[in-house]
Amino acid sequence: MKRTYIKDLHNHSGEEITIKGWVDVARDQGKMAFFDFRDVTGKVQGVVFGKPEVLEVAKNLRPEWVVAVHGIVNDRNDKNAKEFKTIVEETGVRDFFIKDVEIEITGFEILNKAETPVFDITESTVETNEEVRLKNRYLDLRTARMQENMKMRHAVAKLCRDYLDENGFLELETPILTKSTPEGARDYVVPSRLSPQHFYALPQSPQQYKQLLMSSGMERYFQFARCMRDEDLRGDRQPEFTQLDLEMSFASEEDIMQMNEELLIKIVSELYPEKRIQQIPFPRIPYAEAMEKYGNDRPDIREDKDDPNLLAFCWIVDFPFFEKTADSDDPQATGEWTFTHNPFSLSKSEHVENLKNKENIGDIIAAQYDICLNGYEIGGGSVRAHDPEVLKSILSILGHSDEKIEENFGHMLKALGSGTPPHGGIAWGFDRLMMILQNEKTIREVIAFPKNGLGRDPMMEAPSTISEDQLNELSLELKEIKKPE
Ligand code: ASP
């Protein structure tokens with residue numbers, strides 16, 4: 001018999017149906033058995049009475065067994081049902097646990113049995129030991145809270161896709177096996193078998209490729225890009241995370257900021273109607289002001305920090321392009337210039353001459369904007385240097401010799417010099433945005449399969465050792481690990 005989704009059962013009142021899903025709760029009451037069944041769309045109560053052969057099977061069913069349930073859809077009229085119906089009438093929202101109908105069970109098929117789960121799947125696992133959750137992530141993801149987090153992640157991604165598609169963006173993929181691109185973190189590297197002693201770097205972001213797509217005449221690009229950065233895993237960092245990455249040709253800072261603002265507002269109004277954006281248009285705070293007033297460049301400007309439905313977006317603008325690698329008081333300080341955000345950025349137009357002439361370096365302001373939400377940086381981008389002479393000059397301020405520039409960035413300079421339009425873009429930290437929208441405390445709650453605090457996946461047991469044969473194929477030999485003294 002054709003399967004009916006639980007969310008659609010109320011349209012089949014009085015009919016014989018089959019649902020397929022999990023036993024959420026099983027309650028044996030002697031001559032009767034009560035169940036809650038769950039599929040990806042909803043939860044419903046089922047009951048067996050007066051059918052000894054069905055009851056026989058029912059008594060054996062345990063939570064998390066996978067079943068096909070045959071039965072008749074009956075209307076419910078008890079107190080819970082009335083409450084449910086009132087909410088539907090008043091708000092149009094049908095809760096996940098549907099209570100206006102139940103199933104009078106006529107038969108079961110057991111599709112798979114399940115060991116007793118290591119934690120209770122009918123409850124939120126937010127307080128459960130995280131290592132245990134990660135080791136059993138497929139069980140953890142069955143909980144209502146995690147299902148909702150994943151569904152909303154999908155919904156937000158889909159809304160972004162649709163919006164960007166309507167606005168002329170192409171969704172294009174860029175390589176994962178690539179060459180190091182300077183984003184300021186350590187690279188993850190992958191040894192090459194075919195080019196012994198050579199390594200790919202995993203992308204810290206698609207920065208260079210997305211700019212090269214602008215050189216390629218694609219004009220507008222986006223991608224949900226996986227970025228890999230080998231950093232110490234303080235707090236909320238993950239070795240790999242997702243950016244909504246985009247780039248636009250012939251676009252000013254204003255164009256890019258306005259479009260992103262519109263998209264963020266659309267996400268909130270369409271998918272989180274219960275939330276309120278504190279201020280539209282989003283306030284723009286110069287970097288210097290943010291540092292002076294809030295002591296950081298991702299200020300939490302919420303007027304009420306106890307309100308879980310308040311979203312205080314703001315843009316931070318006017319960042320210095322360069323900073324010294326360390327204070328001059330520091331004996332270790334090299335005192336060299338480094339970039340604050342992105343070496344491929346342009347400066348504000350009034351500072352381009354300074355960039356070209358390498359003058360007043362500390363005063364140069366970048367055409368960079370960060371977007372912050374409730375005290376987190378959720379994205380950042382810039383208008384880029386599309387003139388190869390300007391990029392060369394930036395790289396030389398950063399201390400690269402002409403030779404190094406040619407070796408590491410020759411391809412970019414060549415592309416810029418072959419008819420690259422003015423362009424700029426942005427990347428959102430998609431996991432962080434989802435964490436805040438879902439009122440979660442860590443990004444691990446909105447990532448299906450995150451790593452733990454040591455960068456390990458306890459379920460797959462990655463990273464892991466590889467065989468002697470694999471090492472030989474890669475022409476690799478392992479050094480002995482020095483014990484810390
Ligand atoms: N690639 C930059 C980053 O990952 C974002 C951008 O400027 O588009 O921070």
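Both ligands and their constituent atoms are indexed starting at 1 by order of listing. Because the structure is predicted, anything quoted here is derived from the model rather than measured.
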Undergrad: Carefully, step by step, assess R38 and E64 under the rule salt bridge (Lys or Arg N to Asp or Glu O under 4.0 Å).
TA: CA-CA 9 Å; R38 190 183 79 225; E64 298 313 309; 3.0 Å; yes

Undergrad: With a 4.0 Å cut-off on heavy atoms, is K210 in contact with ligand 1?
TA: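 A heavy atom of K210 does come that close to ligand 1.
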
Undergrad: Counting each atom of ligand 1 from 1 as listed, which ones have a heavy atom of A427 under 4.0 Å away?
TA: 5 (C), 8 (O)

Undergrad: Minimum distance, heavy atoms only, to atom 2 (C) of ligand 1: which one of E247, Q207, Q204 is it?
TA: Q207

Undergrad: Please verify whether a non-hydrogen atom of R229 lies at under 4.0 Å from ligand 1.
TA: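 Distance cut 4.0 Å: R229 passes for ligand 1.
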
Undergrad: Atoms of ligand 1 less than 4.0 Å from Q243 heavy atoms?
TA: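 Reading through ligand 1 atom by atom, the close ones are 3 (C), 4 (O).
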
Undergrad: With a heavy-atom distance limit of 4.0 Å, tell me whether Q368 approaches ligand 1 through its side chain, its backbone, both, or neither.
TA: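 Q368 to ligand 1: no contact under 4.0 Å from either part.
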
Undergrad: Show the atoms of ligand 1 that are less than 4.0 angstrom away from any heavy atom in I426.
TA: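 Selected atoms, number and element: 8 (O).
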
Undergrad: Salt bridge (Lys or Arg N to Asp or Glu O under 4.0 Å) for K348 and E253? Distances and angles first, verdict last.
TA: CA-CA 10 Å; K348 295 271 183 204; E253 282 172 79; 3.2 Å; yes

Undergrad: Please compare G381, S205, G380, G429 and report which has the shortest non-hydrogen distance to atom 5 (C) of ligand 1.
TA: G380

Undergrad: Could I get the full list of salt bridge (Lys or Arg N to Asp or Glu O under 4.0 Å) partners for E440, not counting sequence neighbours?
TA: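 Listed in chain order: R145.
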
Undergrad: Report yes or no: does a heavy atom of R384 sit under 4.0 Å from some atom of ligand 1?
TA: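 The answer is yes: ligand 1 sits under 4.0 Å from a heavy atom of R384.
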
Undergrad: Checking ring pair (Phe, Tyr, Trp, His ring centres under 6.0 Å) between H341 and each of Y369, F321, F319, which is the one that passes?
TA: F319

Undergrad: Inspect the contact between E261 and K266 and indicate whether a charged nitrogen and a carboxylate oxygen are less than 4.0 angstrom apart.
TA: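 Answer for the salt bridge query: no.
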
Undergrad: Would you check the N or O atoms of D245, main chain and side chain alike, for any that come under 3.5 Å of an N or O of ligand 1?
TA: no

Undergrad: With K305, which residues qualify under side-chain contact (heavy atoms from CB on, under 4.5 Å), at least two apart?
TA: D300, R302

Undergrad: Pick one: which of Y221, Y209, W428 meets side-chain hydrogen bond (donor to acceptor under 3.5 Å, both in side chains) with D245?
TA: Y221

